[in-house]
Participant: 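Okay, handing you the structure first.
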Amino acid sequence: MGKLPHIHNKKTEELIDIMPDPKIFEMSADLFSILSDNSRVRILWLLCHTEDCVANIAAAVDMSSPAVSHHLKLLKNAGILESTKRGKEVYYTLADNEKACEVHKIIDTVFKMDCFNDLIR
């Protein structure tokens, strides 16, 4: 990175020296994009707290099974969910990795915020 055209403080220069690779920002934006859909957030909220099959998830979030399957596939491909087949059913739950753990924290934090509590009262 080139020199800054104006030096207002040293902090910007210090941050430039430790700024993550652009690929990291791209990956972060991709994650935020996945989380920007309210249906996926509802599904994630549910799966942060339980494991269940497509039919039950669909009923819980009042969506069709094909629509839920589409969202589950995106979330699984993003590494946020994992699935386990038991008999004829496939069960989904939050993945056991750092990304999924951070998503769980984000969801819990958002739903604890007072502005959301005011909306549901």
Participant: Does Thr93 form a side-chain contact (heavy atoms from CB on, under 4.5 Å) with Leu81? I'd like the steps, not just the answer.
Facilitator: CA-CA 6 Å; Thr93 191; Leu81 296 181; over 6 Å; no
Participant: According to salt bridge (Lys or Arg N to Asp or Glu O under 4.0 Å), does anything in residues 75-89 pair up with another residue at least two apart or in another chain? List the pairs.
Facilitator: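 Pairs touching residues 75-89 that pass the test: Glu51-Arg86.
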Participant: Check residues 16-32 and write down every donor-acceptor pair under 3.5 Å in which the side-chain atom is one partner and the other belongs to a residue at least two apart or another chain.
Facilitator:
from	atom 1	to	atom 2	distance (Å)
Asp21	OD1	Lys23	N	2.8
Ser28	OG	Ile24	O	3.0

Participant: For Lys10, what residues pass the side chain to side chain contact (heavy atoms under 4.5 Å, CB included) criterion, not counting sequence neighbours?
Facilitator: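 Listed in chain order: Glu13, Glu14.
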Participant: Could you check whether the rings of His8 and His6 sit parallel, tilted or perpendicular, using 30° and 60° as the cut-offs?
Facilitator: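 Parallel: the ring planes of His8 and His6 meet at under 30°.
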Participant: So how far is it from Leu44 CG to Leu75 CG, rounded to the nearest 0.5 Å?
Facilitator: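 If I round to the nearest 0.5 Å, the distance is 4.5 Å.
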Participant: Would you be so kind as to tabulate the donor-acceptor pairs closer than 3.5 Å made by side chains of residues 52-63, with sequence neighbours excluded?
Facilitator:
from	atom 1	to	atom 2	distance (Å)
Asp52	OD1	Asn56	ND2	2.9

Participant: Give the minimum heavy-atom separation between Val41 and Ile107, together with the two atoms involved.
Facilitator: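 Taking every non-hydrogen atom into account, O-CD1, 4.5 Å.
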Participant: Is there any side-chain hydrogen bond (donor to acceptor under 3.5 Å, both in side chains) pair reaching into residues 65-75, and which pairs are they, with sequence neighbours excluded?
Facilitator: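 Those involving residues 65-75 are Arg40-His71.
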Participant: Which atom pairs, donor and acceptor, lie under 3.5 Å between side-chain atoms of residues 95-103 and protein residues at least two apart or in another chain?
Facilitator:
from	atom 1	to	atom 2	distance (Å)
Asn97	OD1	Lys99	N	3.1
Asn97	OD1	Ala100	N	2.7
Asn97	ND2	Gly79	O	2.8
Lys99	NZ	Ala78	O	2.7
Glu102	OE2	Lys105	NZ	3.3

Participant: Among residues at least two apart in sequence or on other chains, which ones pass side chain to side chain contact (heavy atoms under 4.5 Å, CB included) with Ser36?
Facilitator: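 Testing Ser36 for side chain to side chain contact (heavy atoms under 4.5 Å, CB included), a comparison that skips the adjacent residues, returns none.
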Participant: CD1/Ile80 to NE2/His104 distance, rounded to the nearest 0.5 angstrom?
Facilitator: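 Rounded to the nearest 0.5 Å, the CD1-NE2 separation comes to 13.0 Å.
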Participant: For residues Tyr92 and Leu47, report the shortest heavy-atom separation together with the two atoms involved.
Facilitator: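 So the minimum-distance heavy-atom pair works out to O-CD2, 3.4 Å.
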Participant: Should Ile34 and Trp45 be counted in the same cluster of Ile, Leu, Val, Met, Phe, Trp and Tyr side chains packed under 4.5 Å apart?
Facilitator: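 Ile34 and Trp45: one cluster.
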